[in-house]
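The model shown is predicted, which means the values in this text are computed figures rather than measured ones.
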Amino acid sequence: MLSVGVNGYGTIGKRVADAVVAQPDMELVGVAKTRPNYEAGRAVKNGYPLYAAIEERAEKFDAADIDLAGLVEELVEEADVMVDATPSGIGAENKSLYEEHDTPALYQGGEDADLVDTSFNARANFADAAGADHVRVVSCNTTGLSRLVAPLEEEYGIEKVRATLVRRGGDPAQTDRGPINDILPNPRTIPSHHGPDVQTIFPDLAIDTLGLKVPATLMHTHSINVSLNGDATADEVRELLESQSRTFVIPEHLDIDGAGKLKEFALDAGRPRGDLWENCIWGESISVEGDDLYLFQAIHQESDVVPENVDAIRAVAETADADESIETTNDALGMGL
Ligand SMILES: NC(=O)C1=CN([C@@H]2O[C@H](COP(=O)(O)OP(=O)(O)OC[C@H]3O[C@@H](n4cnc5c(N)ncnc54)[C@H](O)[C@@H]3O)[C@@H](O)[C@H]2O)C=CC1
Ligand SMILES: O=C(OP(=O)(O)O)[C@H](O)COP(=O)(O)O
């Protein structure tokens with residue numbers, strides 16, 4: 001059994017913790033939090049050993065009657081692999097903590113690529129993380145783009161990707177985010193950071209990305225154009241994407257017109273928290289004009305990186321190859337809609 005600790009128990013951390021618990025070959029040795037909020041209380045109710053991420057704040061947990069198992073240093077010492085899911089920039093501050101205990105660590109997409117030995121997407125470059133000490137699971141948007149690029153590159157070759165990312169302003173619980181009533185080019189500079197980030201996974205890929213932010217919390221939406229090298233029809237591309245385990249081609253008859261119905265669909269399917277771990281690609285949008293492929297996909301920012309973190313744990317621990325790990329993760333989570 002692989003012993004896994006999670007430092008930073010927010011949107012991503014709590015989902016990764018639950019996903020680790022679901023795996024047949026992993027044990028969650030604990031989670032670390034800075035403060036005794038509703039998520040900390042739930043962790044304890046779930047039976048997850050809770051560690052204080054900041055020693056000076058440990059007494060706040062006592063005051064809130066929330067039992068602590070210890071300090072984060074003890075968690076790092078006990079874990080075979082740590083998953084750092086703290087806010088952007090904090091992961092970099094935590095790197096020395098993991099090094100002191102000689103514990104390999106995964107970081108999230110908010111950290112810089114040069115913090116780590118390799119950036120990671122299970123479908124595209126699992127093997128690059130074998131035995132690495134520091135690995136970054138790329139962001140939700142980069143994960144969504146990488147899952148699309150990998151099969152297209154293998155099947156046809158790609159001349160260029162152009163992607164416009166309509167980004168949710170914040171997650172549902174992020175009450176301090178916006179915009180509330182605006183449509184923001186974000187970043188205003190072009191290309192956005194997403195293209196270079198995809199190149200941390202596909203160094204030779206030609207890709208330009210543009211970003212916007214809108215008053216929505218549910219999901220991101222990507223408008224994609226891929227200029228392919230090989231001949232393709234829309235039906236062939238659709239079949240290819242349907243054959244991938246983490247791209248869900250939304251059948252037309254479901255009559256799903258946006259992120260709201262997608263979330264409802266996930267809740268009806270019994271998905272935890274209404275999570276959609278897969279890229280959700282509108283079937284009727286898949287079109288080919290000459291060498292150009294076009295499509296729309298929705299990306300559930302809170303959850304698409306979760307199976308990727310689980311796979312990255314096995315990659316650094318070298319306990320499975322890509323296919324074995326992806327299959328185990330998918331089966332344990334209940335992937336498939
Ligand atoms: N929310 C999203 O849509 C996605 C986020 N990411 C990335 O995942 C990382 C985490 O993001 P979220 O889960 O959204 O953030 P979050 O704010 O929901 O959760 C972070 C948690 O870490 C805690 N924390 C803060 N300082 C800490 C410290 N020093 N030690 C331990 N815990 C600490 C916070 O209290 C919070 O519970 C970031 O790098 C972000 O860019 C990646 C993909 C999607
Ligand atoms: O990494 C993300 O988005 P990004 O790839 O658009 O930077 C996550 O959705 C978090 O984005 P945020 O920085 O808007 O919280």
Side-chain angles (χ1 to χ4, degrees), residues 120-128 138 140-165 194-195 197-209 219-254 256 262 265-266 269 276-300 303-308 311 321-331 333-337:
F120 180 88
N121 172 259
R123 175 66 179 78
N125 73 338
F126 185 99
D128 291 353
V138 291
C140 47
N141 280 312
T142 306
T143 295
L145 290 168
S146 298
R147 287 179 182 166
L148 192 63
V149 163
L152 293 172
E153 174 70 28
E154 284 165 19
E155 188 71 20
Y156 303 106
I158 290 176
E159 188 188 319
K160 179 145 190 153
V161 178
R162 299 172 184 85
T164 299
L165 282 56
H194 306 94
D197 204 31
V198 174
Q199 287 164 331
T200 67
I201 303 290
F202 302 93
D204 301 325
L205 182 73
I207 176 167
D208 287 339
T209 52
M219 298 176 80
H220 303 298
T221 305
H222 296 175
S223 167
I224 305 275
N225 164 218
V226 183
S227 299
L228 299 168
N229 283 330
D231 284 339
T233 66
D235 285 347
E236 286 163 3
V237 171
R238 181 178 183 138
E239 242 172 72
L240 176 68
L241 296 176
E242 283 173 344
S243 73
Q244 307 296 305
S245 67
R246 293 182 185 167
T247 55
F248 170 58
V249 178
I250 308 166
E252 286 78 342
H253 72 268
L254 294 183
I256 289 175
L262 268 174
F265 177 61
L276 284 155
W277 301 299
E278 305 89 342
N279 292 21
C280 297
I281 301 167
W282 274 279
E284 58 267 62
S285 75
I286 300 173
S287 309
V288 174
E289 300 287 336
D291 295 335
D292 282 316
L293 164 70
Y294 298 92
L295 58 81
F296 290 122
Q297 66 175 359
I299 300 296
H300 186 218
S303 70
D304 74 329
V305 298
V306 171
E308 307 296 329
D311 291 328
D321 66 21
D323 289 345
E324 287 164 354
S325 179
I326 289 170
E327 193 180 338
T328 305
T329 304
N330 291 353
D331 286 351
L333 289 179
M335 194 85 67
L337 284 161

Sequence neighbours excluded, which residues qualify as ring-ring contact (aromatic ring centres under 6.0 Å, His included) partners of F202?
-> none
Nearest heavy-atom neighbours spanning A298 and M219 = CB-CE, 3.6 Å
Can you list every pair that meets salt bridge (Lys or Arg N to Asp or Glu O under 4.0 Å) and has a residue in residues 234-245, with sequence neighbours left out?
-> R238-E242, R238-E252
Side-chain heavy atoms of H222 within contact of I299, under 4.5 Å | yes
Check C140 against H220 and note the closest heavy-atom contact, atom names and distance.
-> SG-NE2, 3.4 Å
Could you tell me which residues satisfy side-chain hydrogen bond (donor to acceptor under 3.5 Å, both in side chains) with N225, sequence neighbours excluded, listed by chain and number?
-> R162, D292
Of all the heavy-atom pairs spanning Q199 and L205, show the shortest one and how long it is.
-> NE2-O, 2.9 Å
By side-chain contact (heavy atoms from CB on, under 4.5 Å) - contacts of A266 (at least two apart) | R271, L276
Under 4.5 Å between any side-chain heavy atoms of T329 and R246, yes or no?
-> yes
Compare every heavy atom of G334 with every heavy atom of W277, then report the nearest pair and how far apart it is.
-> CZ3-O, 4.0 Å
Mind checking whether L262 and I256 have side chains closer than 4.5 Å, heavy atoms only?
-> yes
Taking atom types as modelled and ignoring hydrogens, do the side chains of D304 and T143 form a donor-acceptor contact shorter than 3.5 angstrom?
-> no
Verify whether one side chain among R147 and Q244 offers a donor that lies under 3.5 Å from an acceptor in the other.
-> no
Side chains of V198 and V138: closer than 4.5 Å at any heavy-atom pair?
-> no
Would you say the side chain of L148 lies within less than 4.5 Å of the side chain of V161, judging by non-hydrogen atoms?
-> no
Does any non-hydrogen side-chain atom of W282 lie less than 4.5 Å from one of I250?
-> yes
Hey, does I224 have a side-chain heavy atom less than 4.5 Å from the side chain of I281?
-> no
For T142 and D197, test the side chains for any donor-to-acceptor distance below 3.5 angstrom and give the result as yes or no.
-> yes
Least distance between heavy atoms, E278 atom then G336 atom = OE2-N, 3.3 Å
Which atom names give the shortest non-hydrogen contact between P307 and L333, and what distance separates them?
-> CB-CD1, 4.0 Å
Those residues that, when tested against F265, pass ring-ring contact (aromatic ring centres under 6.0 Å, His included) (two or more places apart) | F248
Does E327 have any side-chain contact (heavy atoms from CB on, under 4.5 Å) partners at least two apart in sequence or in another chain, and if so, which?
-> D331
